[in-house]
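Take a look at the structure below.
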There are 2 protein chains.
Amino acid sequence: MTKIDIISDAALKNGIRQFLETAPDIYMAGVSVDTVIFGFHHDKLKVLLLRFGNTPYFVLPGGYIKKEEDLDDAALRILQERTELQNIYLEQFYTSGNISRSNEKVAVELAFKMIGTIPNSNWFGQRFVSVCYYALVDDTKVNPVTEAFFTEVKWFDINKLPRVLYDHDNIIQKALKRLQADLDEKLAAFNLLGETFTMLELQKLYESVYQKKLVRTNFQRKMLSLGVLERLEKQYNGKSHKAPYLYRFAQTV
Amino acid sequence: MTKIDIISDAALKNGIRQFLETAPDIYMAGVSVDTVIFGFHHDKLKVLLLRFGNTPYFVLPGGYIKKEEDLDDAALRILQERTELQNIYLEQFYTSGNISRSNEKVAVELAFKMIGTIPNSNWFGQRFVSVCYYALVDDTKVNPVTEAFFTEVKWFDINKLPRVLYDHDNIIQKALKRLQADLDEKLAAFNLLGETFTMLELQKLYESVYQKKLVRTNFQRKMLSLGVLERLEKQYNGKSHKAPYLYRFAQTV
DNA sequence: GCAAAAGTGTTCTCCATACACCCATGA
DNA sequence: TCATGGGTGTATGGAGAACACTTTTGC
């Protein structure tokens, strides 16, 4: 087991102390928001996670709901703070509210070590019900932003996740299932790609979401039959084979 | 417009006052649970609603989460309190958290009149994020229970809903959509029927959920092909036509 | 026998699958 | 010319829709 190495940086402690002083005035108590941010890179489906302090543990990007803020707006704000993106595709998919989710030993122990003693009545000590959203982003446009509590923002392959705290692993799996269900239904896939893409890239994306191989020729026909793809010029890439067409998502709303 | 007639019953006021005194010690603040209870009766899909005080307005059965209680357990408890049923089919489907949902003029006005002045800082005055569940019940086994705040418990046809408070109408419509999606997927329909039923009853149920007519012969084949129906003896009902078979849901888990 | 509803069989179409085939490209 | 990947055509099978047909029941 990896040794847990806690930073003892005064600035970090001060940041946390300041948050704890102001949080109860700004945010709703007892309710939090967690977001599963999906990206697609190198033919793999990725999830954006935050390193918890200086430990080897990661958590989902999350936050709290301002007292005069709509729930969906809070999720969007939290995402924008973490990615600096506008126009994010966002779906609420689950609310997690078991007592045990907030009590996980490791997390509590780590929190204690990070900021010293935590009075039982303070912000982090309370029980939270967490409303969970998933987001689809073009990872090339994301500018990951860290903040006081977290020392690193990192993309992880959905199949090679690190150790995560709380019930966040469960939440990530639920998000994936929901994404699978939404992918065809809501034409959500194109939010994970850039402006243009080849048919093979699109296929790899579907394969990484459904976690299974698809038949190339039939996939192509199915995508074209949706009537939402615009075929652009061919993309010559120097490879010794036929150049693939580029496509653009052109939904006629 | 119907005149709003408010009861000024001392017992009701006392009940509410007592609740307000103890609630903050027992329940999480800021989070509530609302349930859409579906039943099926006389070939119609029904929803169980509570009359708000002595007004013509209705609300969804709902409640709060105890400080040491799992979210799903809270939903189950609230349902059991209202229906006296065990083993209820329950699905979480949405969490509603817009600021405006708690601020609807009519609701606030009614609450004021019911219990006199409400200090802004009290329990009902706070903002709630509501986690919503839908339940499927055999309505013949339900024993609707009223309580202090509500003067009537009543089944309503999904297409003939009364005026409901807050955003509960929106929640009901979302529940129906989710039920439609789950019906085939999770074989959920049988929770709405008694032990045995005819194919026609099952078809009427599907039609009332999907809100459209289905072709009798093809529906029969589809249901039988699921492999979860056990055919019992015929049901002679005195009508001058062939007697239908009775079926039982016999899922091999 | 007749009307009404229940149950079964048949055809047709659509769509997903499987796979054969040809095309374009650079080494 | 060859290997590699891209694009299109075609046969097949299964599921659902449409509808014809038979069976059962009480009057």
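Taking only side-chain atoms of A:N218, from C-beta outward, the nucleotide of C:dC19, D:dT23, D:dA17 with the closest atom is C:dC19.
Note: CG (B:L214) to P (D:dA18) measures 11 Å, nearest angstrom. Rounded to an integer number of Å, the gap from NZ of B:K213 to C1' of D:dG16 is 20 Å. Between the P atom of C:dA24 and the CE atom of A:M199 lies a distance of 18 Å, rounded to the nearest Å. Counting to the nearest Å, the C1' atom of C:dA6 and the CZ atom of B:F219 are 14 Å from each other. Put simply, CG on A:L224 is 12 Å from C1' on D:dG6, counting in whole angstrom units. Put simply, CG on A:L229 is 12 Å from P on D:dG7, counting in whole angstrom units. B:K242 places its NZ atom 10 Å from the C1' atom of D:dT25, with the value rounded to the nearest Å. For the pair A:Q203 CD and C:dA16 C1', the computed distance is 15 Å after rounding to whole Å.
Between B:Y247 and B:Y245, the angle of the ring planes goes over 60°, which puts this pair in the perpendicular group of the 30/60° scheme. A tilted orientation is assigned to the rings of B:Y64 and B:F128, their planes being inclined by 30° to 60°. Taking the six-membered ring where tryptophan is involved, the planes of B:Y89 and B:Y134 are tilted, since the angle between them lies from 30° to 60°.
Across all strands, A:T198 comes closer than 4.0 Å to no nucleic acid atom at all (heavy-atom distances).
Of the two residues contacting DNA chain C, namely A:A243 and A:V215, the nearest-nucleotide position lying further toward the 5' end is that of A:V215.
Contact annotation: side chain of A:R216 to base of D:dG7, donor-acceptor pair present below 3.5 Å. The base of C:dC19 is paired with the side chain of A:T217 by a donor and an acceptor separated by under 3.5 Å. With hydrogens and angles ignored, no donor-acceptor pair under 3.5 angstrom links the side chain of A:R221 to the base of D:dG7.
Each of A:D139, A:L136, A:L193, A:D138 was checked for a side-chain contact (heavy atoms from CB on, under 4.5 Å) with A:F40, and the lone residue meeting it is A:L193. Considering B:S96, B:S100, B:S130 as possible partners of B:D167, the one that fulfils the side-chain hydrogen bond (donor to acceptor under 3.5 Å, both in side chains) test is B:S96.
The phosphate of C:dT8 (OP1 or OP2) has a side-chain N or O of B:Q220 nearer than 4.0 angstrom.
A salt bridge is absent between B:E207 and B:K212; no separation between the charged side-chain nitrogens and carboxylate oxygens falls under 4.0 Å.
The ring of B:Y206 has its center closer than 6.0 angstrom to the ring center of B:F219.
The stretch residues 180-190 of chain A has no heavy atom under 4.0 angstrom from DNA chain C at all.
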